[in-house]
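Below: one structure, written as structure tokens.
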2 protein chains.
Amino acid sequence: MDSAPPAAIMQGRRTRQVEATYDVVRAARDHPTAEQVHARVRRRIPQISLGTVYRNLQKLASAGRIRVVELGPGSTRFDGMLETHEHFVCEACGGITDLPASSRTPPNPAGLRRAGFAVTRHALTFYGRCPECQGMESPGARRACR
Amino acid sequence: MDSAPPAAIMQGRRTRQVEATYDVVRAARDHPTAEQVHARVRRRIPQISLGTVYRNLQKLASAGRIRVVELGPGSTRFDGMLETHEHFVCEACGGITDLPASSRTPPNPAGLRRAGFAVTRHALTFYGRCPECQGMESPGARRACR
DNA sequence: CTTTCTGCAAACTCTTTGCACTCGT
DNA sequence: ACGAGTGCAAAGAGTTTGCAGAAAG
């Protein structure tokens, strides 16, 4: 939410906090929320504040070092995987799975371009039930898959 | 966030508030936020509260009468268009445009199914600049497209 | 009449921000 | 040393919820 020109160019200072935050997100496979990142960074820098983590996550994201994932309600999640990929969200357990970029058929924005839209990127997300949540179909089941 | 079984079956009472909220969302073409819906419903029922609008939007959504659209940060948005379709989000003005379901090539979840995932739906969103925002490329421009 | 819904306001969650101090560079 | 970064705590948005009274079925 700022006026970052083309962005992804500035770097900022290399503080322990920024680097630790970066490392945590890059190492995570579970698309952690800001609070989860905070908890993990704390293992290395116990006194780091949540506000700093938020600030750094923002910085890292606008610098293109990590990605922000917006999937459904709840908190924003962060992703250290920079390559193009898609997501599967389990509606039972909330777990998010990374999927390699669509085997084929990249969405076709040709019509959009023709209509005057400049398309820079797209997001493709699938929703349903993960393998682990298939068995327990009980109408009230809300078990944890991860 | 409740235990709605397969959902979309319950109806609840037909109160003026619920129906007015429904009408507003169905008539809207701009994916309004809860507050915008509230403002519009108020033109018909001046004393309706924001809390009630939130409750009713939730009810309508879980009954399948309207759709919830999650696009980037900021508030949740609501969509009265029930048919399968995609979205284009302008990163300059924030405007959201409905797109008819991908001309062709519906994303291929075959691999997912084979891996044991039960896919029930998917969301495809494009990001970039809408035609109206193309001209004013000035590095600080943040005009309104709608 | 019974049950659900509404209005109001307080509570909550997630995220941002002001300020004084610290630490890269 | 200078200025960006940090910790803390308070402030902000957006959304949810408890309760007493209103209204639908």
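Hydrogens, waters and symmetry mates play no part in the numbers below; they use all other heavy atoms, side chains included.
- Residue pairs meeting the salt bridge (Lys or Arg N to Asp or Glu O under 4.0 Å) criterion with at least one partner in residues 63-76 of chain B, sequence neighbours excluded, are Glu19(B)-Arg65(B).
- Applying the side-chain hydrogen bond (donor to acceptor under 3.5 Å, both in side chains) criterion to Arg40(B), with sequence neighbours excluded, gives Asp30(B).
- For the pair Lys59(A) and dG5(D), the criterion of a side-chain N or O lying under 4.0 Å from OP1 or OP2 is met.
- Partners of Tyr127(B) according to the ring-ring contact (aromatic ring centres under 6.0 Å, His included) rule, which considers only residues two or more places apart in sequence or in another chain, do not exist here.
- The CZ atom of Arg55(B) sits 6.0 Å away from atom OG of Ser49(B), with the distance rounded to the nearest 0.5 Å.
- Residue His87(B) holds its NE2 atom at 8.5 Å from CE of Met81(B), rounded to the nearest 0.5 Å.
- For the pair Gln17(B) and dT6(C), the criterion of a side-chain N or O lying under 4.0 Å from OP1 or OP2 is met.
- When the options Arg29(A), His31(A), Glu86(A), Glu83(A) are evaluated for a side-chain contact (heavy atoms from CB on, under 4.5 Å) with Asp98(A), the one that passes is His31(A).
- For dG14(D), the OP1/OP2 oxygens have no side-chain nitrogen or oxygen of Thr76(B) closer than 4.0 Å.
- No donor-acceptor distance shorter than 3.5 angstrom exists from the side chain of Gln134(B) to the backbone of Phe117(A), with no hydrogens or angles considered.
- Within the 4.5 Å cutoff, no side-chain heavy atoms of Ile96(B) are placed close to those of Phe88(B).
- From Asp23(B), atom CG reaches atom CZ of Arg44(B) across 4.5 Å, with rounding to the nearest 0.5 Å.
- Considering only side-chain N and O atoms, Gln58(A) lies under 4.0 angstrom from the phosphate OP1 or OP2 of dT16(C).
- One atom, CG of Asn56(A), and another, P of dA4(D), lie 15 Å apart when rounded to the nearest Å.
- Proximity of residues 31-42 of chain A to DNA chain C (heavy atom under 4.0 angstrom from any strand atom) is restricted to Glu35(A).
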Side chain to side chain contact (heavy atoms under 4.5 Å, CB included), that's the test. Do Leu99(B) and Phe126(B) meet it? Break it down for me.
CA-CA 10 Å; Leu99(B) 308 174; Phe126(B) 297 93; 3.7 Å; yes

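- Proximity of residues 45-54 of chain B to DNA chain C (heavy atom under 4.0 angstrom from any strand atom) is restricted to Gln47(B), Ile48(B), Ser49(B), Thr52(B).
- Between the side chain of His38(B) and the backbone N or O of Gln36(B), no donor-acceptor pair lies under 3.5 Å.
- Applying the salt bridge (Lys or Arg N to Asp or Glu O under 4.0 Å) rule to pairs touching residues 110-122 of chain B yields Glu91(A)-Arg121(B), sequence neighbours excluded.
- If one axis is set at each end of the helix from dC1(C)-dG25(D) to dT25(C)-dA1(D) from five pairs, those axes are 40° apart, to 10°.
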Which protein N or O atoms sit under 3.5 Å from an N or O of nucleotides 18-20 of chain D?
residue	atom	partner	partner atom	Å
dG18(D)	O6	Arg55(B)	NH1	3.2

For nucleotides 20-25 of chain C, 5' to 3', base contacts (B), sugar-phosphate-only contacts (S) and non-contacts (-) with protein non-hydrogen atoms under 4.0 Å give ---BBS

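- Every residue meeting the side-chain contact (heavy atoms from CB on, under 4.5 Å) condition with Tyr54(A), not counting sequence neighbours, appears here in chain and number order: Ala34(A), Leu50(A).
- Other members of the cluster containing Leu82(B) do not exist, because no ILVMFWY side chain is joined to it at under 4.5 Å.
- The hydrophobic cluster around Ile48(B) extends to Val18(B), Tyr22(B), Val24(B), Val25(B), Val37(B), Val41(B), Ile45(B), Val53(B), Leu57(B), Leu60(B), Ile66(B), Val68(B), Phe78(B), counting ILVMFWY residues whose side-chain heavy atoms fall within less than 4.5 Å of a member.
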